[in-house]
Novice: 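Take a look at this one; I'll ask things after.
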Number of protein chains: 2
Amino acid sequence: MQRVPPNPAVQRLSLYLRRLEQLAADGTETVSSNQLAASLHRTAAQVRKDLGYFGQFGRPGVGYRVGALMEALRHALGTDRTWEAVVVGVGDLGRALLRFKGFPTRGFQFVGAFDISAAKIGKQFGPVRVQHIDEMPAVVRRHDVRLAVLAVPPEAAQDVADRVCAAGVRGILNFAPSPIDVPPRVAVCPVDLAASLEQLSFQVSAMR
Amino acid sequence: MQRVPPNPAVQRLSLYLRRLEQLAADGTETVSSNQLAASLHRTAAQVRKDLGYFGQFGRPGVGYRVGALMEALRHALGTDRTWEAVVVGVGDLGRALLRFKGFPTRGFQFVGAFDISAAKIGKQFGPVRVQHIDEMPAVVRRHDVRLAVLAVPPEAAQDVADRVCAAGVRGILNFAPSPIDVPPRVAVCPVDLAASLEQLSFQVSAMR
DNA sequence: TTTTGTGAATAGCTTCACAGCA
DNA sequence: TGCTGTGAAGCTATTCACAAAA
């Protein structure tokens with residue numbers, strides 16, 4: 001079996017998982033690398049190679065069992081368990097994320113939401129009530145929270161990052177458009193929404 | 001000068017631009033590839049190579065003029081003009097995007113928001129009032145809108161994509177976790193928030 | 001000296017193509 | 001035959017390293 005999955009392959013695992021969820025919902029039991037690839041605008045070789053980094057899940061002449069492959073990919077991604085998470089910054093975006101149904105259905109559960117604004121504290125959004133950010137470390141420790149979602153203004157991002165890292169968080173989803181410095185044991189996934197629109201702007205401008 | 005920028009380089013342009021905006025706000029006039037790289041956890045060679053795909057902006061021994069480089073990058077990305085955009089799907093996420101300040105400050109302006117739910121139609125969110133999706137094509141044509149943001153449930157994504165493409169939109173920011181088929185002249189940028197958390201889950205699981 | 005711009009070298013990722021299993 | 005798993009080949013992206021400019 002092959003080793004050390006390239007990062008792009010790990011990203012595509014989520015893509016495959018999404019499609020498998022649909023197939024399972026449709027009652028499909030088996031899928032070939034060709035079918036999976038076609039519906040995602042990829043090549044069959046890439047699908048097989050990507051899956052090959054994590055194990056041997058297919059049967060020659062048959063394909064992959066949808067349910068078993070979903071389980072295997074969830075295991076590979078680490079989402080075959082529930083991940084507790086906190087949101088810091090309860091502006092419009094933070095509120096939307098707290099109510100977003102795609103997180104709980106995929107095993108991510110918010111156990112706390114924090115802000116500095118007195119006007120927001122005590123309000124209920126989605127599954128949690130907003131608390132002052134000073135309460136964050138206690139909540140993180142109590143629930144053994146490993147993930148934090150940062151939806152704060154860029155000028156607060158580094159300070160908030162320092163605080164969630166100090167509290168013991170191991171991964172940060174960063175919606176602030178400024179890179180944050182974290183200890184090496186903490187993973188960061190930046191999501192810059194304006195940058196995504198800029199990429200579209202570039203592509204649209206480039207086409208003629 | 002070098003040609004055909006690799007896609008990763010185009011993505012990093014947004015990153016450089018973000019940092020330059022900060023530097024400009026701080027009153028910094030000049031920056032070297034080394035300084036730029038260090039603050040973004042990249043290498044100086046990569047910064048110079050990336051910028052090199054779009055022109056020669058630096059002065060040996062001096063570095064880059066912050067203001068001039070910002071202008072150049074905005075021009076390269078196509079954001080040295082205003083882009084009109086519409087939002088389809090005014091759930092929590094759609095509302096948050098309509099009110100998100102990072103879009104207008106970077107030249108993206110919402111001129112319409114659409115939904116099918118009668119309860120939402122007529123309500124004001126951010127800069128616009130929600131209209132029925134049947135009104136979308138007229139608004140797109142009237143304002144010559146080139147970009148659409150899809151914040152609809154996955155089962156509606158393909159149908160909505162077909163409709164915005166038919167209306168003449170040229171780029172789609174797709175928040176639905178299902179890939180959409182579009183004509184070749186239309187660019188798509190997928191944003192899968194659950195997938196981003198899955199990537200964190202993977203990385204955190206992988207570290208010991 | 002400092003720092004850019006860029007060919008050349010290296011590393012990383014994707015596609016090919018085919019042996020082997022069902 | 002149909003399809004997987006995977007080495008080998010091909011391609012893309014990053015890093016190196018240095019000539020030239022300020």
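Because the structure is a prediction, the values reported are computed rather than measured. Side-chain atoms are counted along with the backbone in the values below, which use heavy atoms only and exclude waters and symmetry mates.
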Novice: According to salt bridge (Lys or Arg N to Asp or Glu O under 4.0 Å), who are the partners of K120(A), at least two apart in sequence or on a separate chain?
Specialist: D115(A)
Novice: Report, as yes or no, whether the 6.0 Å neighbourhood of atom CG on L40(B) holds more than 12 heavy atoms from other residues, nucleotides or ligands.
Specialist: yes
Novice: From CG of L15(B) over to P of dT14(D), roughly how many Å is that when rounded to an integer?
Specialist: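 Checked: the CG to P distance equals 13 Å.
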Novice: Rounded to the nearest 0.5 Å, how far apart are OG1 of T79(A) and CZ of F108(A)?
Specialist: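 Taking OG1 in T79(A) and CZ in F108(A), the distance rounds to 6.0 Å.
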Novice: Generate the contact string for nucleotides 9-17 of chain C. Rules: B means base contact, S means sugar-phosphate contact only, - means no protein heavy atom under 4.0 Å.
Specialist: ----SBBBB
Novice: The test is side chain to side chain contact (heavy atoms under 4.5 Å, CB included); show your working for L93(B) and F175(B) and say whether it passes.
Specialist: CA-CA 9 Å; L93(B) 184 59; F175(B) 284 88; 3.7 Å; yes
Novice: Test side chain to side chain contact (heavy atoms under 4.5 Å, CB included) on L51(A) and L69(A) and set out the steps.
Specialist: CA-CA 9 Å; L51(A) 299 179; L69(A) 187 54; 4.1 Å; yes
Novice: Y64(A) versus L36(A): any side-chain heavy-atom pair under 4.5 Å?
Specialist: no
Novice: Within this structure, what is the CZ-to-P distance between F57(A) and dG5(D), rounded to whole angstrom?
Specialist: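 After rounding, the gap between these two atoms is 9 Å.
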Novice: Name all pairs fulfilling the side chain to side chain donor-acceptor pair (under 3.5 Å) condition that reach into residues 137-161 of chain B, sequence neighbours left out, sorted by first residue then second.
Specialist: Q158(B)-D162(B)
Novice: SG of C189(A) to CG of N174(A): how many Å apart, nearest 0.5 Å?
Specialist: 9.0 Å
Novice: Which whole-number value in Å describes the distance from L69(A) CG to dT4(D) P?
Specialist: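 Distance, rounded to whole Å: 11 Å.
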Novice: Polar pairs (N or O, both sides) under 3.5 Å between protein and nucleotides 20-22 of chain C?
Specialist:
from    : atom 1 : to     : atom 2 : distance (Å)
dA22(C) : O4'    : P60(A) : O      : 3.2

Novice: Does any residue of residues 18-39 of chain B have a heavy atom under 4.0 Å from DNA chain C, and if so, which ones, in number order?
Specialist: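 Residues of residues 18-39 of chain B under 4.0 Å from DNA chain C: S32(B), S33(B).
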Novice: Once salt bridge (Lys or Arg N to Asp or Glu O under 4.0 Å) is applied, do any residues pair with R106(A), and if so which ones, sequence neighbours excluded?
Specialist: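 E21(A).
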Novice: Just the rounded figure in Å: distance from P of dG5(D) to CG of L51(A).
Specialist: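 These atoms are roughly 8 Å apart.
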Novice: What I'd like to find out is whether the side chain of V66(A) reaches to under 4.5 Å of the side chain of E29(A), using heavy atoms alone.
Specialist: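 No, side chains not in contact.
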